[in-house]
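Everything below concerns the one structure shown next.
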Amino acid sequence: DTQGAIAVTMNPTRIAASEDGNYYHWNASVQVTDLDGRPVSNQNVTLDVRAVEFVRGYWEVVEVLGVKEWRQVRTQVCSVPTLDNPSTSHDDRYAVIDSDTTNRVETLNVVRFIGASESNPHTATYQTDNQGKFDFQLHYPKTYGAWLSVNVGAKTTLSTHPVHGSRIVTLTTLADDYDKTNWAYTPSLNNQSPYGVLGGTCP
């Protein structure tokens with residue numbers, strides 16, 4: 001018996017670089033409404049973020065009708081498991097083996113909420129304003145942009161009934177971080193996915 005709804009909105013144009021230049025901050029918003037669509041104010045809402053898909057590959061420069069552009073080459077797309085495989089030495093929900101290296105473990109939980117606690121940066125609680133909404137920011141290293149998709153979940157309780165909302169998004173990047181003069185760099189380290197280039201075994 002539904003008592004209301006939660007809408008999670010990610011603004012694709014509201015992304016900024018951190019002051020040190022190593023991270024992106026992505027502005028987003030949540031709105032809580034009741035059964036009649038009216039905003040619910042002063043409502044505590046808990047957000048969480050988890051990885052759902054990662055991509056191996058690299059960026060390359062292509063020329064189309066005399067115009068150069070950066071193109072993402074995806075050599076492999078892998079879903080992130082919801083359960084850990086106990087036979088691996090790492091937690092498959094939060095880490096993966098980079099197949100291009102000597103079994104380097106690469107983290108999947110790189111996204112955190114601005115203002116969240118350092119002990120648990122992947123969840124945070126906010127309160128809605130008189131319009132039933134609140135704004136929040138996602139924080140993640142630039143090099144993971146375009147290579148990782150996450151689920152942003154929101155939950156609250158209305159009239160003793162749990163209400164959930166979520167949105168799956170691919171971490172976005174800024175156009176200014178792609179070199180279009182010498183075509184030497186992208187936001188990704190060495191113009192490659194942090195999860196490797198060669199297709200390997202998905203977790």
Side-chain angles (χ1 to χ4, degrees), residues 1-16 18 23-55 77-96 105-141 144-173 195 202-203:
D1 180 33
T2 304
Q3 297 298 308
I6 297 179
V8 181
T9 305
M10 311 296 296
N11 189 333
T13 63
R14 293 298 303 278
I15 179 174
S18 61
Y23 296 87
Y24 286 127
H25 294 162
W26 192 356
N27 291 355
S29 185
V30 164
Q31 182 166 43
V32 181
T33 54
D34 64 15
L35 279 173
D36 299 316
R38 294 174 300 204
V40 180
S41 60
N42 301 318
Q43 184 73 26
N44 285 337
V45 179
T46 299
L47 299 185
D48 66 85
V49 60
R50 62 179 179 84
V52 294
E53 185 181 86
F54 68 90
V55 177
V77 179
C78 294
S79 297
V80 176
T82 55
L83 297 173
D84 180 34
N85 180 354
S87 68
T88 61
S89 60
H90 58 279
D91 192 324
D92 301 271
R93 298 168 298 175
Y94 306 118
V96 67
V105 177
E106 189 66 49
T107 184
L108 292 166
N109 55 338
V110 298
V111 182
R112 68 177 180 85
F113 296 104
I114 294 288
S117 71
E118 290 301 322
S119 60
N120 191 4
H122 313 295
T123 184
T125 300
Y126 300 83
Q127 189 174 71
T128 59
D129 61 16
N130 58 7
Q131 297 178 329
K133 67 178 183 64
F134 61 84
D135 298 330
F136 66 96
Q137 281 187 319
L138 293 182
H139 172 91
Y140 53 94
Y144 291 88
W147 302 110
L148 183 67
S149 297
V150 298
N151 181 82
V152 181
K155 62 182 179 181
T156 191
T157 302
L158 294 176
S159 302
T160 73
H161 290 77
V163 180
H164 302 272
S166 66
R167 182 166 298 275
I168 294 176
V169 291
T170 300
L171 300 183
T172 190
T173 58
Y195 304 109
C202 288

Step by step, would you call L108 with L148 a side-chain contact (heavy atoms from CB on, under 4.5 Å)? CA-CA 8 Å; L108 292 166; L148 183 67; 4.2 Å; yes
Ring pair (Phe, Tyr, Trp, His ring centres under 6.0 Å) partner of Y144, the single match among Y23, W26, Y195: Y195
Before giving the answer on side-chain contact (heavy atoms from CB on, under 4.5 Å), spell out for T33 and Q31 the whole-Å C-alpha distance, their side-chain angles and the decisive distance to 0.1 Å. CA-CA 7 Å; T33 54; Q31 182 166 43; 4.2 Å; yes
Closer than 3.5 angstrom, by distance alone: can the side chain of H25 be matched with the main-chain N or O of L138 as a donor-acceptor pair? no
Using only atom types and a distance under 3.5 Å, with no angle test, would you say the side chain of Y140 pairs donor to acceptor with the backbone of N109? no
Just one of V45, N27, I114, L47 clears the side-chain contact (heavy atoms from CB on, under 4.5 Å) bar with F136, so which one? L47
Verify, without hydrogens or angle tests, whether T107 (side chain) and A95 (backbone) share a donor-acceptor contact under 3.5 angstrom. no
Checking the side chain of T173 only, and the main-chain atoms of G145 only, is there a donor and an acceptor separated by less than 3.5 Å? no
dist I15:CD1 -> M10:CE (nearest 0.5 Å) comes out at 9.0 Å
For D92 and N85, indicate whether the former's side chain and the latter's backbone hold a donor-acceptor pair under 3.5 Å. yes
Audit row: F134, D129, side-chain contact (heavy atoms from CB on, under 4.5 Å) steps and yes/no: CA-CA 6 Å; F134 61 84; D129 61 16; over 6 Å; no
T9 and S29: CA distance, side-chain angles, deciding distance, side chain to side chain donor-acceptor pair (under 3.5 Å) verdict: CA-CA 5 Å; T9 305; S29 185; 5.8 Å; no
Tell me if a side-chain donor or acceptor on E53 pairs with a main-chain N or O of W147 at a distance below 3.5 Å. no
Consider side-chain hydrogen bond (donor to acceptor under 3.5 Å, both in side chains). Of Q3, Q43, H161, which one does T156 pass it with? Q43
Using atom types as modelled and distance alone, determine if a side-chain donor or acceptor of R93 lies under 3.5 Å from a backbone N or O of L83. no
Examine distances only and state if a side-chain atom of T128 and a backbone atom of N42 form a donor-acceptor pair shorter than 3.5 Å. yes
